[in-house]
Asker: 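This is the structure I have questions about; it appears just below.
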Amino acid sequence: MSSPACTGCCMSAAGRTAPLLRLRQALRESPALLWSFLYFFCLLSGYYVLRPVREAMAASSDMRTLFPQPLIDWFAGHGIALQDFTLQFLFSCVFVIMLVLQPLYGWLVSRYPRRVFLPLVYGFFIVTLLVFYAMFNAGVPGRGMAFFFWIAVYNLFAVAVFWSFMADVFSNAQARAYYGYIGAAGTVGAFLGPLITSTLVQRVGIANLMLVSAGFLLACMLCIWRLRPWAVQREREQKLVDGEQPMGGSVIDGLKLIAREPLLRWLTLMVVFGVGVGTMLYNEQASIVRRMITDPAASTAFYSRIDLAVNALTLVVQLGLTRWLLSRFGIAPALLIPGFAIIVGFSILAASPLPLMVAMVQVMTRASEFSLGKPARETIYTRVDRQWRYKAGAAIDTVFYRGADITFAWVHKGLSLFGSHVVFAGGTLVAILMTLSALGVLREEKKLPRDR
């Protein structure tokens with residue numbers, strides 16, 4: 001007979017191996033899952049190689065690196081110190097760029113089939129990365145601003161396209177079973193990206209990181225090509241609209257859907273308030289870094305360590321909790337847990353806004369969104385028409401996302417005049433509104449068909 005200690009060891013070992021056994025079973029059930037893993041792994045690896053560069057540029061005290069000289073001179077000529085409004089200016093410009101690009105994206109997905117517009121999106125980002133390689137190599141003034149604009153567009157459009165495509169490949173039941181694993185593959189990639197950056201940036205320079213990221217995007221294009229047959233097969237088996245044909249419609253169909261559909265309106269509000277919490281926290285952290293770390297390479301390394309902490313927590317939750325919650329209880333806990341966690345975190349910061357605590361809440365906020373909130377929202381799109389995910393979903397994740405960025409960047413600027421305590425008290429209120437919006441999403445989500 002086994003001793004209690006031995007039995008405990010066996011149970012512990014079984015507990016550790018159970019997630020791996022479930023993963024192996026999932027891979028046997030759906031071969032498409034392996035290519036989805038590789039796709040998201042490469043996508044987030046490429047992004048997280050560059051994310052610390054963006055953070056370092058935004059927190060830089062060297063205005064000539066960040067902004068072109070004519071722009072600095074124009075602001076100075078009007079009695080405005082541009083360095084006092086760096087993030088507000090950048091977020092405002094990004095929002096305008098999104099307003100311009102959203103109709104262009106809507107036109108692209110309306111006029112071209114999936115096999116054309118998916119490679120076009122990623123091909124565009126690869127070409128522009130080569131341009132940035134040349135700009136950073138030559139030390140072009142204002143490269144920081146251009147890169148900040150570009151990566152904001154890249155982050156939102158590239159990831160939005162990924163999740164829309166996953167909803168073509170997997171059914172709702174599969175999404176609830178697999179999205180946690182797919183998210184974990186992306187998180188592993190997000191681990192690798194900062195490691196590459198922190199290891200290489202001070203040896204090879206920032207410019208060469210652009211080439212590394214471009215290589216990851218090339219791998220993403222290979223994954224798209226390999227996954228297309230599974231998307232076609234699912235559409236034929238379930239008699240869904242053929243994604244290999246143009247969707248048609250107008251370039252503003254996404255906005256029309258959001259205005260018409262209550263579920264999309266609640267999703268929009270949830271995303272807007274979620275972005276608001278993150279933006280207020282991000283801006284406060286940037287202020288701290290700008291004061292304490294002046295070397296661009298050192299600040300890049302600092303942000304890469306923050307990213308590593310975020311991704312570590314995200315991976316633990318994705319492997320140990322996300323699949324179980326989504327499969328057993330649906331999306332409700334995954335949507336509500338991040339809101340409650342952020343309310344607690346911001347309440348603590350409102351009472352004691354210490355720099356270390358700010359970093360800890362940043363890690364918790366981002367990790368809960370990546371591991372729970374995002375996968376839960378994306379499973380909803382497997383149960384709706386393709387117009388919802390490629391048009392309305394993209395509009396939410398681009399225009400409304402960046403609209404929230406600019407709005408709360410200026411909200412932060414105003415509240416920061418009264419100190420960090422007031423900033424985080426305001427953030428607590430925004431987190432409460434985000435949680436109430438999640439309740440609205442859950443109420444409307446119950447009205448959808450159970451599976452597609």
Side-chain angles (χ1 to χ4, degrees), residues 32 35-48 50-51 94 97-98 100-129 150-170 175 179 182-183 185-186 189-190 213-214 216-228 230-232 234-235 241 243-247 249 251 253-254 257 267 271 370 374-375 377-382 384-402:
W35 287 103
S36 301
F37 287 173
L38 183 60
Y39 184 176
F40 206 32
F41 169 82
C42 291
L43 183 61
L44 290 197
S45 292
Y47 170 66
Y48 273 92
L50 301 179
R51 179 184 165 89
V94 166
I97 292 170
M98 287 294 181
V100 173
L101 289 181
Q102 179 56 40
L104 178 61
Y105 175 80
W107 174 83
L108 186 67
V109 299
S110 296
R111 298 294 179 271
Y112 293 96
R114 179 175 53 212
R115 66 179 182 274
V116 174
F117 71 73
L118 289 179
L120 273 178
V121 169
Y122 288 100
F124 166 78
F125 290 128
I126 290 171
V127 170
T128 48
L129 273 172
W150 176 88
I151 201 168
V153 174
Y154 164 60
N155 175 31
L156 294 184
F157 275 107
V159 175
V161 165
F162 168 81
W163 285 112
S164 296
F165 187 40
M166 289 300 99
D168 285 350
V169 175
F170 298 109
Y179 274 13
I182 294 173
S213 185
F216 280 116
L217 284 181
L218 282 171
C220 290
M221 294 180 71
L222 170 64
C223 295
I224 290 170
W225 176 68
R226 293 303 302 264
L227 283 166
R228 267 186 53 225
W230 279 289
V232 172
R234 178 183 170 237
E235 288 161 350
V241 176
E244 296 301 297
Q245 302 298 322
M247 272 184 270
V251 298
D253 280 345
L257 281 168
L267 277 169
V271 168
F370 297 152
K374 182 67 172 174
R377 291 198 305 274
E378 294 302 331
T379 63
I380 295 173
Y381 288 109
T382 63
V384 296
D385 187 80
R386 294 182 72 243
Q387 299 267 354
W388 280 48
R389 51 183 177 266
Y390 278 103
K391 292 186 176 182
I396 292 172
D397 288 340
T398 56
V399 173
F400 287 97
Y401 191 108
R402 288 309 175 195

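Heads up: numbering here begins at 1 and tracks the sequence. Worth knowing before you read on, the calculation uses all heavy atoms, side chains too, and leaves out hydrogens, waters and symmetry mates. Since we're looking at a predicted model, the values are computed, not measured.
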Asker: For Tyr179, which residues count as a side-chain hydrogen bond (donor to acceptor under 3.5 Å, both in side chains) partner, sequence neighbours excluded?
Answerer: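 Testing Tyr179 for side-chain hydrogen bond (donor to acceptor under 3.5 Å, both in side chains), a comparison that skips the adjacent residues, returns none.
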Asker: Which is it for Phe162 and Tyr122 under the side-chain contact (heavy atoms from CB on, under 4.5 Å) test, yes or no, and what are the steps along the way?
Answerer: CA-CA 10 Å; Phe162 168 81; Tyr122 288 100; 4.1 Å; yes
Asker: Taking all atoms of both residues into account, what is the closest heavy-atom pair of Trp230 and Val169, and its distance?
Answerer: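 Taking Trp230 first and Val169 second, the nearest heavy atoms are CB-CG1, 4.1 Å.
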Asker: Trp150: what forms a side-chain hydrogen bond (donor to acceptor under 3.5 Å, both in side chains) with it, not counting sequence neighbours?
Answerer: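 So Trp150 forms a side-chain hydrogen bond (donor to acceptor under 3.5 Å, both in side chains) with Thr128.
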Asker: Could you give the distance from CH2 (Trp35) to SG (Cys220), rounded to the nearest 0.5 Å?
Answerer: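 Answer rounded to 0.5 Å: 12.0 Å.
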Asker: Could you tell me if the side chain of Asp168 sits less than 4.5 Å from the side chain of Thr382, heavy atoms only?
Answerer: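 No. Closest side-chain heavy atoms not under 4.5 Å.
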Asker: With a 4.5 Å heavy-atom cut-off, do Trp388 and Ile380 have their side chains touching?
Answerer: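 In short, these two side chains do not touch, never coming nearer than 4.5 Å.
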Asker: Do Phe157 and Met98 come close enough that some side-chain heavy atom pair is under 4.5 Å?
Answerer: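 Yes, side chains in contact.
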Asker: Within a strict 4.5 Å, meaning less than it, do heavy atoms of the Ile126 and Leu218 side chains meet?
Answerer: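 Counting from C-beta outward, Ile126 and Leu218 do come under 4.5 Å.
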Asker: Do you know the tightest heavy-atom contact between Ser213 and Leu50?
Answerer: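 Residues Ser213 and Leu50, closest heavy atoms: OG-CD1, 3.4 Å.
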Asker: Closest heavy-atom contact between Ala219 and Cys42?
Answerer: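 That closest heavy-atom pairing would be CB-SG, 3.6 Å.
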Asker: Take Leu267 and Tyr381 through the test side-chain contact (heavy atoms from CB on, under 4.5 Å) and record every step on the way to the result.
Answerer: CA-CA 11 Å; Leu267 277 169; Tyr381 288 109; 3.9 Å; yes
Asker: Kindly indicate, with the supporting measurements, whether the criterion side-chain contact (heavy atoms from CB on, under 4.5 Å) is fulfilled by Arg226 and Leu38.
Answerer: CA-CA 11 Å; Arg226 293 303 302 264; Leu38 183 60; over 6 Å; no
Asker: Quick one: are Leu129 and Phe216 in side-chain contact, heavy atoms under 4.5 Å?
Answerer: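 They are not in contact (no side-chain heavy atoms under 4.5 Å apart), so the answer is no.
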Asker: To the nearest 0.5 Å, tell me how far Asp397 CG sits from Arg377 CZ.
Answerer: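 If I round to the nearest 0.5 Å, the distance is 7.0 Å.
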Asker: According to side-chain hydrogen bond (donor to acceptor under 3.5 Å, both in side chains), does anything in residues 152-163 pair up with another residue at least two apart or in another chain? List the pairs.
Answerer: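 Of all non-adjacent pairs touching residues 152-163, none passes side-chain hydrogen bond (donor to acceptor under 3.5 Å, both in side chains).
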Asker: Nearest 0.5 Å, please: how far is CZ in Phe165 from SG in Cys223?
Answerer: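 Result: 9.5 Å between the selected atoms.
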Asker: With sequence neighbours left out, what residues match Ser36 under side-chain contact (heavy atoms from CB on, under 4.5 Å)?
Answerer: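 Partners of Ser36 under the side-chain contact (heavy atoms from CB on, under 4.5 Å) test: Met166, Phe170, Ile182, Leu227.
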Asker: Examine distances only and state if a side-chain atom of Tyr401 and a backbone atom of Val271 form a donor-acceptor pair shorter than 3.5 Å.
Answerer: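 Checking the backbone N and O of Val271 against the side chain of Tyr401, no donor-acceptor pair under 3.5 Å is found.
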Asker: Write down the atom of Leu43, the atom of Leu217, and the distance for their closest heavy-atom approach.
Answerer: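 For Leu43 and Leu217, the tightest heavy-atom pair comes out as CD1-CD2, 4.1 Å.
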Asker: Considering residues at least two apart in sequence or located in another chain, which fulfil the side-chain hydrogen bond (donor to acceptor under 3.5 Å, both in side chains) criterion with Tyr47?
Answerer: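 Partners of Tyr47 under the side-chain hydrogen bond (donor to acceptor under 3.5 Å, both in side chains) test: Arg51.
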